[in-house]
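My questions will all concern the structure given below.
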Amino acid sequence: MATKSKSTGTTKTKRSTTRAASTTPKAAANTAPKAKIVSTKTASTSESGGQSGGQSDAPEMTKKEMVGLMVSQSGMKKGDARRALEATMEALATALRAGNNLSLAPLGKIKIARTKDTPNGKMVVLRAKLKEPASETPKDPLAEAAE
C-alpha cells in the first residue's frame, strides 16, 4: 500500500547564510551609472534653421542622474557631488534671475532670449550656444618641410 504525501501548496525559499552582498557598500559604489551621450539635433531642427515650434524629443536628465555622472567622472563622494551640483544650480538660477547672460567656458554661452511675468513666477526663454568638444589630436603647428 502506497501512502500519499500531503502538499500544503506553499514553498519555502532558502535564505543565504552569508551577508557579503549586503555588507559591501564599496562594491555597490563602484557601479555608478554610465553616461549616455545623446545628440539632440534632429532633421527638423537643421532644416528649419535651428528653430522648432514644438516640444523637443530629447531625453531629460534628472538631478540624481547628473550626480551619478559627476561621481563617475570626477571620483567625488556622492554627497559632495550632490552639494556641489545644488550650489552650482543655485548660482546659475541667481544669475539668470538678475538678468545676466552666462559665458561658461566648457559649456558655452547662455543668453536670455525673452522673459514673461506669469502669476507663478517669471518665464525665461534661453538660447544656448554649446561649444563643440576639443579634438583629442592637436593640429601640428609646424609646416611640412619642402623637399
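Starting from 1, each residue takes its place in the sequence as its number.
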I'd like to check Met89 versus Lys63 (side-chain heavy atoms, cut-off strictly below 4.5 Å). Are they in contact?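 In contact.
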Report the distance from atom CG of Leu92 to atom CG of Leu104, rounding to the nearest 0.5 Å.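 Here the interatomic distance stands at 6.5 Å.
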Straight-line distance of Ile110 CD1 to Arg127 CZ, nearest 0.5 Å: 13.0 Å
Could you report the tightest heavy-atom contact between Leu102 and Ala95, atom names first, then the distance?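 For Leu102 versus Ala95, the nearest heavy atoms are CD2-CB, 3.7 Å.
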Would you compute the distance between atom NZ of Lys64 and atom CG of Leu69 and round it to the nearest 0.5 angstrom?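 It is 15.0 Å, given to the nearest 0.5 Å.
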Decide yes or no for Ile112 and Val125: does some side-chain heavy atom of the first lie under 4.5 Å from some side-chain heavy atom of the second? no
Any non-hydrogen side-chain atom of Thr62 less than 4.5 Å from a side-chain atom of Met66?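 Side chain of Thr62 against side chain of Met66, heavy atoms only: no contact under 4.5 Å found.
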Work out which heavy atom in Met61 is nearest to a heavy atom in Glu65; give both atom names and the distance. CA-OE1, 3.3 Å
Hey, which of Lys78, Arg82, Lys77 is the one that makes side chain to side chain contact (heavy atoms under 4.5 Å, CB included) with Asp80? Lys77
Please examine the side chains of Asp117 and Thr115, heavy atoms only from C-beta on, and report whether any two atoms are closer than 4.5 Å.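 In short, these two side chains do not touch, never coming nearer than 4.5 Å.
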Correct closest heavy-atom pair for Lys131 and Ala105 would be CD-O, 3.6 Å
Any link between Leu85 and Val71 through a network of hydrophobic side chains (Ile, Leu, Val, Met, Phe, Trp, Tyr) touching at under 4.5 Å? yes
Student check: side-chain heavy atoms of Leu107 and Leu130 closer than 4.5 Å: yes
Quick one: closest heavy-atom pair of Met70 and Ala81, and the distance? CE-O, 3.6 Å
What's the spacing between Lys122 NZ and Arg97 CZ if we round to 0.5 Å?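 Going from the NZ atom of Lys122 to the CZ atom of Arg97 covers 10.0 Å.
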For the backbone of Lys109 and the side chain of Asn101, can you confirm whether one donor and one acceptor N or O come within less than 3.5 Å of each other?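 Such a contact is absent between Asn101 side chain and Lys109 backbone.
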